[in-house]
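Okay, so here's the structure we're looking at.
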There are 2 protein chains.
Amino acid sequence: MTANQPARPTRRRAPRNTLNPDRILDAAVRLLDRDGPEAFTMRALAKELGVGTMAVYSHFKGKDEISDAVAHRLLGEIELPAPRPQPGPGPDGGAGPYDQIREVCRSLYRLFTDHPSALQLLTRRPPSGDEAIAVLDRILGLLRQAGLDRSAAVAAHVSIMQYTIGSAQWTVRSRRREECDEELGDRMRERLTQLPAGRYPWLADLAPELASAYLARAEQYEQGLEALLHGLLGRR
Amino acid sequence: MTANQPARPTRRRAPRNTLNPDRILDAAVRLLDRDGPEAFTMRALAKELGVGTMAVYSHFKGKDEISDAVAHRLLGEIELPAPRPQPGPGPDGGAGPYDQIREVCRSLYRLFTDHPSALQLLTRRPPSGDEAIAVLDRILGLLRQAGLDRSAAVAAHVSIMQYTIGSAQWTVRSRRREECDEELGDRMRERLTQLPAGRYPWLADLAPELASAYLARAEQYEQGLEALLHGLLGRR
DNA sequence: ACCTGAACACCGTTCAAGT
DNA sequence: ACCTGAACACCGTTCAAGT
């Protein structure tokens, strides 16, 4: 052994092919899911990979290109329900279009909440990859099979996406807030019960229900989804 | 007149009381609505006000405090429908709770889309001011008056907020994208019609409806809201 | 070809100083 | 009390240089 060296740079020059797009995207997803979008910086990404900041630029043009690639990768992971070739025997007696729509929506919600990063990336600009288009096509097909006419199907798919994205964002944000601040839930509950009943009669009355509602998130999504689908499709 | 001076700093030292919280918030809203949230920097804000960057810090602790104040101000602008003292005569024969709920939701959607900045600010952290609480109380009261039981009313209000926020974000983003890129609409339409019908049969079939759906935004929101409320309240 | 550090133009904010 | 510029620790990215 050589005598104690300075060894300040805890990282030596990286060997020649340590980096490739896949490894970079792995690290990006890891970083985003672990530390949130505001921690997703080029410098942090390089550190996560154990290379100099600029090494990443040999594989991607810049941060935007990486963000898009991450979005595509995550959308590709989504599991769509097996398609039923012929327009099925109706909503009763098996997984009709109604159930399949719910299944796709749940998959989307799960993707968004499992990978909070996906949300910001997908909403920053509309996804253009095959994966996204396929999901869209699938939803539209199911809505048509459920009996909606052409323009109603299009309108319904927009409403469903808007609700699903809004709901997932709500979930992700409140979850992240809780992580940052342990006693936030307790403080919220206390503040709710101390609201002046004179000024906010309904809120004060519903304080206990409100406090517990913020915990059941996936259930809350599915309840609202059920109502929305019911309203859009007109049956159940 | 003195001979031509250098006069490089186009702004002289600002007189002593040019700044106050109101003027600062005015400028912040102006800046946010005009240039978008990513252009809302302390330096840009100071420039908008014609003062040095640090002048603002004499009136607000930092950027977060300004953001919160802007959110409160915008929420305060919302117009709530006149409350009806006694639980009304039912959904028929006038503005029952059903119609009032719709009215409040429309006000929220309009606030969010008129002031895109409100959206980012309100979702960054949950608003804590009187204005926000009052709106919340109002919605909960109307849902109860519409016949929902305690936990159903709480769940419904969450779904409604999630849908409204998701919808407004969608609207704001697509509008902003169009502003940045004039021919974006045309390119989207073209790409839609050129999709391989073999791989995306439904999308290809619905291309014309899809293209025009992206234009009717407020109408789209109201259609989805109608469906959601119908599903939640079970009448119409 | 792939990885590197220095440098540039940004950002929010701290600080000591002007008036 | 209110406004100021310089400075600090960040950010994405450009560039010339190493291997």
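In what follows, chains are A, B, ... by sequence order, proteins preceding strands, each numbered from 1.
Candidate nucleotides C/dG5, C/dT13, C/dC2 were compared by shortest atom distance to the side chain of A/H59, and C/dC2 ranks first. Closest contact between the side chain of A/T41 and the listed nucleotides C/dT4, D/dC2, D/dC11 involves D/dC11. Comparing atom distances between the B/M54 side chain and each of C/dT19, C/dT14, D/dT13 picks out C/dT14 as nearest.
When rounded to the nearest whole Å, the span between CG of A/D35 and C1' of D/dC10 equals 16 Å. We find that CZ of B/R13 is positioned 6 Å from C1' of C/dT19, with the value rounded to whole Å. Summarising the geometry, the separation between NZ on B/K63 and P on C/dT13 is reported as 8 Å, rounded to the nearest angstrom. Between the P atom of C/dC2 and the CD1 atom of A/I24 lies a distance of 11 Å, rounded to the nearest Å. Distance A/E65 CD to D/dG12 C1': 15 Å, rounded to the nearest Å. Between B/E38 atom CD and D/dG12 atom P there is a gap of 16 Å when expressed in whole angstrom units. Distance, A/N17 CG to C/dT4 P: 12 Å, rounded to whole Å. As rounded to whole Å, 14 Å separates atom P of C/dC2 from atom CZ of A/R23.
Residue order along DNA chain C, read from the 5' end via each residue's closest nucleotide, puts B/K61 first among B/K61 and B/R16. Nearest-nucleotide mapping onto DNA chain D: of B/R43 and B/T18, the residue sitting toward the 5' end is B/T18.
Judged purely by distance below 3.5 Å, without hydrogens or angles, the side chains of A/S159 and B/Y221 never pair a donor atom with an acceptor atom. For the 3.5 Å distance criterion, the side chains of A/D130 and B/Y200 qualify, holding a donor opposite an acceptor.
The nucleotide D/dG12 finds its pairing partner in C/dC8, both defining distances of the Watson-Crick or G-U wobble pair being shorter than 3.5 Å. Applying the Watson-Crick and G-U wobble criteria (two distances, each under 3.5 Å), D/dA1 pairs with C/dT19.
Annotation for B/I160 and B/L228: closest pair CA-CD2, 4.1 Å, computed over non-hydrogen atoms.
Salt-bridge annotation for A/E48 and A/R43: absent, with no side-chain N of the basic residue lying under 4.0 Å from a carboxylate O of the acidic one.
Looking only at side-chain heavy atoms (C-beta outward), B/T18 and B/L49 stay at 4.5 Å or farther from each other.
The side chain of B/Y57 places an N or O atom within less than 4.0 Å of a non-bridging phosphate oxygen (OP1 or OP2) of C/dT13.
Backbone-only engagement by A/F40 is indicated by non-hydrogen atom pairs under 4.0 Å involving sugar-phosphate atoms exclusively.
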